[in-house]
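Just so you know, ligand 1 is whichever comes first in the structure, and atom 1 is the first atom listed for that ligand. One-based numbering along the sequence shown.
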Amino acid sequence: MAQSCDHDHATAPGLAGGSLAAAVGLIEARIAAAGERMTTPRRRVIELLLEAGQPVKAYDLMAAFTPGGAKPPTVYRALEFLERQGLVHRIQSLNAYVACRREGGHDAAFLICDCCGVTREVEPQSTETLTRQAAAADFAISGVMLEVHGLCADCRAA
Ligand SMILES: [Zn+2]
Ligand SMILES: [Zn+2]
Ligand SMILES: [Zn+2]
């Protein structure tokens, strides 16, 4: 999954080789600890997302899945599972998925570069105000996902 712009980027966002294998191993252990099974499609999808290190559209996951590609339900079912386990976030504004690099099951905030498409997950600030506003509107929050758009340092420098 190449950058969508040709600015020089200081660091590649994704994992490769030993660090990729180690990250997949950790996730496998977390899934086992949760009493779930790491199937081949689940492993392949999380591997592709960690390798990319940035949001990937489901369509591109299907194409990269196997030499022949994968059927959409296979990829969507794997994504759904990984999302439920808190291992993957869906970035609505990009209609793409990204591997979570923190512990699962949390509110999330993403800094999204509109030029190269690289995202960085940051810990969201206290959602106290939102919680209060929601309570005032008699609204039950099921989750908070902030998507912050802008330009990364590399793209701004170019
Ligand atoms: Zn996360
Ligand atoms: Zn950028
Ligand atoms: Zn750029």
Beyond-backbone contact of [X] with [Y], side-chain heavy atoms, under 4.5 angstrom:
X	Y	answer
Ile27	Leu50	yes
Cys113	Leu151	yes
Glu121	Cys100	yes

Query raised in the report: Are any N, O or S atoms from His9 nearer to the Zn ion (ligand 2) than 2.8 Å?
Result: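 Checking the Zn ion (ligand 2) against His9, no N, O or S atom falls under 2.8 Å.
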
Query raised in the report: Is the Zn ion (ligand 3) less than 2.8 Å from at least one N/O/S atom of Cys115?
Result: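 True for Cys115.
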
Query - N/O/S from Cys5 sitting under 2.8 Å away from the Zn ion (ligand 3) - result: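 True for Cys5.
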
Report summary line: The angle formed at the Zn ion (ligand 1) by NE2 of His89 and OE1 of Glu121 is about (to 10 degrees) 100°

Query - Among Leu15, Val98, Leu61, side-chain contact (heavy atoms from CB on, under 4.5 Å) partner for Leu49 - result: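 Result for side-chain contact (heavy atoms from CB on, under 4.5 Å) with Leu49: Leu61.
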
Query - Within 6.0 Å of CZ in Arg90, more than 12 heavy atoms from elsewhere - result: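 Counting other residues, nucleotides and ligands, CZ of Arg90 exceeds 12 neighbours.
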
Query raised in the report: Rounded to 10°, how many degrees is the angle ND1/His7-the Zn ion (ligand 3)-SG/Cys155?
Result: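 Answer comes to 100°, rounded to 10°.
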
